[in-house]
Chemist: 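I have a structure I would like to understand better, so I am pasting it below and will then ask my questions one at a time.
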Amino acid sequence: MFPARDYDLAATLDSGQAFRWRPDADGSWRGVVSGRWVRLRRLPNGIAAETVVAQTDWAWLKDYLQVGADLRAILRTFPDDAPLREAVRACRGLRLLRQEPWECLASFILSSNKRIAHIRQIIKTLCERFGEPVAAPAGEPPAFAFPSPERIARLGERELRACGMGFRAPYLLAAARRVTAGDPDLERLGAAELATARARLCELPGVGPKIADCVLLFAFGFARAFPMDVWVLRALRRWYFKGQRPTPARLRAFAQNHFGPHAGYAQQYLFHYIRTQPAATARADTDNAHPGHAPNS
DNA sequence: ACCCAGGCGCTTT
DNA sequence: AAAGCGCATGGG
C-alpha cells in the first residue's frame, strides 16, 4: 500500500494520458506497467497495488503513479482564476503520471486525429500482436508488454496498418527505427532543456508540437510542457478569451505566461474538466456575445 | 450519410 | 504566421 491523499485513480488512469488501464466492476484498475501486470485499488489513505510476482522494490510503480508528488503544493502554484478554481474543484485527485518514454511517444504518435476510445483499441491490438507476454493471475486474460522500439522497427508498415492505425503506421515505424538507432536517445532526453528536448522530438516524423509536449509532460516530467489539443484550445478560448478572436500565437503566449511552473498540471485539469462537462456547454466556445473573465494582457 | 477525433505535413496565402 | 487540405479509421 502506498500512502496517498487526493488521488483519484479513475480521473488519473482514464483521462487520456495513459491508454492501457481497464476498470473493474469493484472500482479497481488493471494494467501493465514496465512489463508487469498490476491491479490498483483505492484505499482510504492510499493505493493498494497487486502484482503477480511478489515485489521487494516498488520504486517503478511509485514513480509511475507519482505518489510522492505533493499535489496541494502544485495546486498552490496555479493562478487564482475562476476557470482553474472550478476545474480543480471538479477534478479533485487528478494526477499526472510518469510514463515510460517509448510507450508514451508511440502511444501519442497513434493518437493524432483519433478519439481516446479508439487510441486504446489500436494500442491494445498492437500489444496483443507484438508485445512480449506478461505473467497474469489465473483467470485473468493474457497480458502483454508494450512492444519495444526494436520489435516495431522489424515490422512492416502493412502489419502496423492491420492494427487499425491507418496513416500513422509509417510514422510509428520510422520513429521506432530512429529510436532504435539512438536518434534521439530517449534515456538522455529528459536531462536536456525543455526547448532542446522538444526540438529533438519534433524531428521525428508524425511528431509535432502537441505530441512532443505530451511526451515531455507525461514521460519526462517537464512541468511547464503544455499540450494544446482541440479540447484545451476550446477551454482557453471559452474561459479566458470569451468574445475574442485570439490568434494561435496569442494563445501559445498566454498558455506559457499565465499558468506558472506547473502549467502542464493546469492543462490536465482544464482538459479533464471541459471533457467531463455536459456536451451542450462544452462545445459553446464559438457563440458568445458576453465577455466573461477575460484577461487583457 | 455526415461529422469529428488529445494532429501532422505540405502547400498556399 | 496562419490558414487549407488530405490523411485512415471508426463511432455517434
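From a predicted model like this one, the values you see are computed outputs, not experimental measurements. Every heavy atom of this structure was used, including side-chain atoms; hydrogens, water molecules and symmetry mates were not. Each chain gets a letter, A, B and so on, in the order its sequence line appears, and its residues count up from 1.
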Chemist: Please report the distance, rounded to the nearest Å, between CZ in A/Arg250 and P in C/dA2.
Modeler: 12 Å
Chemist: Do A/Tyr273 and A/Pro83 have side chains that get closer than 4.5 Å, going by heavy atoms?
Modeler: no
Chemist: So, A/Phe108 and B/dG6: ring centres less than 5.5 Å apart, planes less than 30° off, yes or no?
Modeler: no
Chemist: If you compare every side-chain N and O of A/Thr247 against the phosphate oxygens of C/dA2 (OP1, OP2), does one of them come in below 4.0 Å?
Modeler: yes
Chemist: Quick check on DNA chain B: between A/Pro205 and A/Gly16, whose nearest nucleotide comes earlier from the 5' end?
Modeler: A/Gly16
Chemist: Distance check, rounded to the nearest 0.5 Å: A/Leu194 atom CG versus A/Leu216 atom CG?
Modeler: 6.0 Å
Chemist: Can you check the A/Leu110 CG to B/dC8 C1' distance for me, whole Å?
Modeler: 13 Å
Chemist: Using atom P of each nucleotide, how far apart are B/dG6 and C/dG4 to the nearest Å?
Modeler: 22 Å
Chemist: Nearest whole angstrom, please: distance from the P of B/dG6 to the NE2 of A/His118.
Modeler: 12 Å
Chemist: With a non-hydrogen cut-off below 4.0 angstrom, is A/Arg120 in contact with a base, only sugar-phosphate, or nothing?
Modeler: nothing
Chemist: How long is the line joining CG of A/Leu233 and P of C/dA2, in whole Å?
Modeler: 13 Å
Chemist: Please confirm whether the shortest side-chain N or O distance from A/Arg161 to OP1 or OP2 of C/dA8 is below 4.0 Å.
Modeler: yes
Chemist: Which residue is it: A/Phe78, A/Tyr240, A/Tyr265? I am looking for the one with a ring pair (Phe, Tyr, Trp, His ring centres under 6.0 Å) to A/Phe259.
Modeler: A/Tyr240
Chemist: Please report the distance, rounded to the nearest Å, between CZ in A/Arg275 and C1' in B/dA5.
Modeler: 10 Å
Chemist: Under 4.0 Å: is that the gap between some side-chain N or O of A/Arg158 and OP1 or OP2 of C/dA8?
Modeler: no
Chemist: Side chain of A/Phe167 only, heavy atoms from C-beta on: which candidate in B/dG6, C/dA8, C/dA3 is closest?
Modeler: C/dA8
Chemist: Check every strand shown and say whether A/Leu204 touches a base, only sugar-phosphate, or nothing at a heavy-atom separation below 4.0 Å.
Modeler: sugar-phosphate
Chemist: Answer with base, sugar-phosphate or nothing: what part of the nucleic acid does A/Phe218 contact at a heavy-atom distance below 4.0 Å?
Modeler: base
Chemist: Please determine whether a side-chain nitrogen of the Lys or Arg among A/Arg92 and A/Asp8 lies less than 4.0 Å from a carboxylate oxygen of the Asp or Glu.
Modeler: no
Chemist: Could you tell me the separation between the CD atom of A/Gln99 and the P atom of B/dG6, rounded to a whole number of Å?
Modeler: 16 Å
Chemist: State whether A/Arg234 places a side-chain N or O below 4.0 Å from either non-bridging phosphate oxygen (OP1 or OP2) of B/dA5.
Modeler: yes
Chemist: Under a plain distance cut-off of 3.5 Å, with no hydrogens placed, do A/Glu86 and A/Trp239 share a side-chain donor-acceptor pair?
Modeler: no
Chemist: Looking at every strand, decide which applies to A/Val207 at a 4.0 Å heavy-atom threshold: base, sugar-phosphate, or nothing.
Modeler: sugar-phosphate
Chemist: NA contact type, A/Gly208, heavy-atom cut-off 4.0 Å: base, sugar-phosphate, or nothing?
Modeler: sugar-phosphate
Chemist: Classify the nucleic acid contact of A/Tyr171 as base, sugar-phosphate or nothing, counting any heavy atom under 4.0 Å across all strands shown.
Modeler: sugar-phosphate
Chemist: Closest approach to the side chain of A/Asn113, judged atom by atom: which nucleotide of C/dA2, C/dC7, B/dG6 is it?
Modeler: C/dC7
Chemist: Using only modelled atom types and a 3.5 angstrom limit, is any donor from either the side chain of A/Arg115 or the base of B/dC4 paired with an acceptor on the other?
Modeler: yes
Chemist: Out of C/dA8, C/dA2, B/dG7, which has the shortest distance to the side chain of A/Ser112?
Modeler: B/dG7
Chemist: To the nearest Å, how far apart are A/Trp231 CH2 and B/dG7 C1'?
Modeler: 16 Å
Chemist: Could you check whether the rings of A/Phe167 and A/Tyr171 sit parallel, tilted or perpendicular, using 30° and 60° as the cut-offs?
Modeler: perpendicular
Chemist: For A/Leu105 and B/dC8, give me the distance from atom CG to atom P, rounded to whole Å.
Modeler: 12 Å
Chemist: Tell me if the side-chain of A/Gln268 makes a donor-acceptor pair with the base of B/dG6, cut-off 3.5 Å, by modelled atom types.
Modeler: yes
